Each structure stands twice: as C-alpha cells, then as structure tokens.
Amino acid sequence: MRAVYDFLFALFALFYLPAFFLKGKHRNGAWRARLLGEVPADARRALAGRRVLWLHAVSVGEVVLALRLAASLKERFPGAKVLLTTTTAAGREVAGKIKADDDTLLWFPADFRFAVKAFADAVKPSALILLETEIWPNLIRELSARKVPVFIVNGRISDRSIGAYRSLRGLLGPVLRLLSGIGAQDETMRSRFVELGADPARTVVTGNVKFDWQPPVDREGAAAAIEKKIKTPGTFLCVAGSTHEGEEEALFGMFESIRRSRPEFRLLIAPRHLERLPAIEAAAAKLGVKTRRVAEGGGDGGAVWLLDRMGVLATLYRAADAVFVGGSLVPRGGHNLVEPAYYEKPLFFGPYMQNFREMADAFLKDGAAVQVKDAEDLERQLAALLGDGERRKSLGQAARRLVSRHQGATRRNIDALLASL
C-alpha cells in the first residue's frame, strides 16, 4: 500500500506541477523547500540543539489556531522552539504577521520519502502537531521510525471527504495507528477516525479549538484603519465573510434591493480568495453595481466595499451590525461562526454548512444564528433586522454565550498532548 501511495502521489505531483509554477509557488527558492524538503541555513541554526515543537496548518484560520496552541505549549516548555509550517501563501502571509518573533516559519515539504527525510534531518523535531485532517503517510511513518510523537489536534473528517477516506482505509489505517494521539472535535469525528483505523484508546473528544478564538493583535493598525473607513455613523454595516464564487452576485442584488428603501445599508464583501477580486469587480460592473476596494481612498459613495487584505477579516467583524458567513449559499460547506459570534454579532448563513455541521446545529438550537434558504430569504431577514434593534441584540448575545460555554478545547488538547509526551 505504501508503494501504491508513492506512485499515486508522484502522479498527482506530476499533473500539479504546471499549476505549481503558474501560480508562482516556486518563487524565491520556495520550490526547493516544498519539493525537496530543503531548510534554509538560518532556520537550521535557530532550531539546532533545541526542543522543536513542530505545528502544521494550512488555512488562515488553522494558522491562527496553531499559533494559539504554540503559545500554550511554550508556557509548558519554556525552552522549546516553535516551528510552524504551512502550504498556502495566504496562511504563510498571516503567520508571518502574527507569529512570535522567535518562532520559525517554513514551507511544508511535499510528502515524498526523500523530502520528508531531508526536512526531518534538518529540523530534528521533538513532536509534530497536525491541525484537523492533515494526514501525510510518508511524513508520519518517517517520524514514527524516529520515535517522534505525532498528534492530530482539532481533528475532523468532513462529510464530503469521508467517502474517499473509506476507500483508502487499507492505506490510512496503519498510518493512523502510528499516531500518538488524536483530539477529535466531537463524537462524530472521533467515530470516523476510529472507523478508518485509528486506535480507539488514543482517539478522544477534546472539543473544537475554534471556540477558543481570541482577537489577533492588530500590530500594524491595519484593521483599525479599515474599520474607521467602512463604518460611519448612522449606517448599518453587513459583513459577508469568506464568500465564494456564485455568492457575490446574489449579495450585489440584495444590496441594491435593500438600499432602495434603506439608504443607510452598507455591505462589505470579503472573498475567501483574494485572487478572485478582478472577477468579482467584473461581475459587479455587469450588474451595474459600484464597488470600492478598502485600500482605495475616500468614502464608499454608495459602493459595495471589497476587502483586499488578508488577516484582518476576523477583527473587522467587530464593526459589523450583522454578519453573513460565506460558503453557505453555494455548496462549499460554510465557514467558522465563532469569530463574529465572539463580538456578539447577529449571524446568518445559508443551507450549505456541512463542514461546520455540529457547530451550525448548536447555534441554531440556541437561537444564536439564522439559517436562510437562499439569497432572497437573506434579503428579507436582513431588511427586517435593520429596524429591530432588540432582535439584533438578542441574537448577538446568544451567540456570545454559546461561544463562552464551548471554550476550553485548547486546554484539553494540551493536556492530551502532555499525557502522551
């Protein structure tokens, strides 16, 4: 099975290689780090002779969680060095801004045997912590052979991917059994890991670390400057966070419709992927809707704001009067509800929340969010909310109470890690 995996992974890499170069992922020598597992000399010197706690995260949200875990681990191991790896440019950009000065940030090596061996030789990790569903067979086998404990924290396997994972159980089972521990988000996720072959005794429910989110430090003052620009007295601001293709057009229509009767209505759209901004602007122009990027000077002039900077959306939720969580009007699975809930904001999301199903169900059960059927329903709900300050307050307070009640997963994961270590 390992030989089959190596063949399939090499085949995938071969087909992905053109996109790798077209997207510029090879620039500044990154290709040597990503494909060969090379580690720069300055990073090797920084890590040499130290206990290295290696955390790997992909998305921006996972990077924030990883650094929060890192801070807690450094309290328990004062002499340790934190190594953070990521695979996305967005994740790396945000990590570079919010990581501690003495943390080391590197690209994650591709899961070739030679690449992970070279990387492990260079950084000599004392432990590896993988966020959510980062299961890399060759890396896990290499570290297991070196007696380096490997953990999965905030573990989840989505509804969309469980079928594919089941078909690979013969490969994944032996790999999962090499893990020192898995902290699953809930009982459903724990049962999925066990079904795929994980050791039941080392797979425990620790809760969702995302409930422990705290506002990042706005070191550059970027979020504060944007907030001052987009939120003006007498306006009602709706923030649509992490939107995907197919949602912006619907939001443009909603904006124009509500503004006809409520001119104080404002909309900020924060696309999940910033490279889509030109396409979003083109779609708006086709519909006759004015847009303005937040980096541009001046007021909105009746335009839809477009967020063109990574790493500030979570903080900008505090400026909102209402929040729509993207990826949920189209079948993308939704996004994290905790960040706007932390600021006591009334929350709306669409019918597609399968990636956050347990979380969404908890919010709905507590009356802490509103699920809409489609864009027209979202328009009706938001229009009604504009004139109902008491309902806005009630929804926001319920959301914040729910978040407070579910906090503590970070501590439980740290306790589980320490027990294994």
Side-chain angles (χ1 to χ4, degrees), residues 53-73 76 82-88 91 94-95 98-99 108 127-136 139-140 149-162 165 172 176 179-196 198-199 202-214 216 242 314 327 333-339 341-342 353-363 402-403 405-421:
L53 303 177
W54 176 10
L55 295 93
H56 175 60
V58 177
S59 69
V60 170
E62 289 175 14
V63 164
V64 174
L65 293 180
L67 289 173
R68 181 174 175 80
L69 281 168
S72 296
L73 284 169
R76 308 290 183 101
V82 166
L83 165 63
L84 177 67
T85 57
T86 186
T87 56
T88 66
V94 170
I98 66 174
K99 74 177 184 66
F108 187 71
L128 170 62
I129 301 167
L130 301 164
L131 269 291
E132 298 206 353
T133 325
E134 291 295 297
I135 305 171
W136 296 103
L139 175 62
I140 293 171
V150 181
F151 306 90
I152 289 179
V153 169
N154 219 43
R156 64 182 293 271
I157 298 174
S158 68
D159 294 351
R160 186 168 57 181
S161 57
I162 183 60
Y165 279 123
L172 294 176
L176 291 174
L179 295 173
S180 299
I182 299 175
Q185 292 185 10
D186 51 52
E187 190 57 49
T188 298
M189 298 305 152
R190 179 187 180 276
S191 66
R192 288 179 178 179
F193 277 107
V194 171
E195 177 190 354
L196 295 175
D199 183 350
R202 287 183 284 180
T203 307
V204 298
V205 176
T206 51
N208 193 337
V209 176
K210 291 181 177 178
F211 280 106
D212 289 342
W213 181 85
Q214 295 288 319
S242 298
H335 289 290
N336 188 9
L337 304 173
V338 172
E339 293 161 1
Y342 178 92
M353 285 294 289
Q354 58 269 27
N355 290 346
F356 293 83
R357 185 181 61 189
E358 299 290 336
M359 182 183 288
D361 288 347
F363 271 81
L402 185 145
V403 169
R405 194 168 65 250
H406 282 82
Q407 288 179 333
T410 300
R411 176 185 51 77
R412 289 189 291 272
N413 274 287
I414 294 295
D415 289 344
L417 292 173
L418 291 173
S420 297
L421 286 170

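What you are looking at is a predicted structure, and each value in this text was computed from that prediction instead of being measured.
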Note, V403 side chain near F363 side chain (heavy atom, < 4.5 Å): yes

Worked verdict on V338 versus H406 for side-chain contact (heavy atoms from CB on, under 4.5 Å): CA-CA 10 Å; V338 172; H406 282 82; over 6 Å; no

Nearest-0.5 Å distance, OG1 of residue T410 to CH2 of residue W213: 13.0 Å

Residue pair I157, Y165: steps toward the side-chain contact (heavy atoms from CB on, under 4.5 Å) verdict: CA-CA 9 Å; I157 298 174; Y165 279 123; 3.5 Å; yes

Heavy-atom pair with the smallest gap, counting every atom of M359 and L337: SD-N, 3.6 Å

Nearest-0.5 Å distance, OG of residue S59 to NE2 of residue H335: 9.5 Å

Audit row: I135, I140, side-chain contact (heavy atoms from CB on, under 4.5 Å) steps and yes/no: CA-CA 8 Å; I135 305 171; I140 293 171; 4.2 Å; yes

Main-chain N/O of V58 paired to T87 side chain as donor or acceptor, under 3.5 Å: no

CG-CZ distance between L55 and F151, expressed to the nearest 0.5 angstrom: 11.0 Å

Sidechain N-carboxylate O distance under 4.0 Å for E187, R190: yes

N154 to Q185 - nearest heavy-atom pair and separation: O-NE2, 3.1 Å

Main-chain N/O of D212 paired with Q407 side-chain donor or acceptor, under 3.5 Å: no

CG on L176 to CG on D199, rounded to 0.5 Å: 10.5 Å

Minimum side-chain heavy-atom gap I98-R68 below 4.5 Å: no

Ion pair check, R76 and D415, cut-off under 4.0 Å: yes

Donor-acceptor contact present, side-chain R156 to main-chain N355, <3.5 Å: yes

CG-CG distance between L65 and N336, expressed to the nearest 0.5 angstrom: 7.5 Å

Y342 side chain reached by Q214 side chain, heavy atoms, under 4.5 Å: yes

Side-chain donor/acceptor of T86 to backbone N/O of A57, under 3.5 Å: yes

Full working for side-chain contact (heavy atoms from CB on, under 4.5 Å) between V63 and L84: CA-CA 8 Å; V63 164; L84 177 67; 4.2 Å; yes

Option passing salt bridge (charged side-chain N to carboxylate O under 4.0 Å, His left out) with K210 (candidates E62, E132, E358): E132

4.5 Å side-chain heavy-atom contact, L131 and V209: no

Side-chain donor/acceptor of R202 to backbone N/O of L179, under 3.5 Å: yes

Residue pair H56 / L139, side-chain heavy-atom distance below 4.5 Å: no

Separation of I152 CD1 from T203 OG1 (nearest 0.5 Å): 8.5 Å

Sidechain-backbone polar pair: N413 side chain, V153 backbone, donor-acceptor under 3.5 Å: no

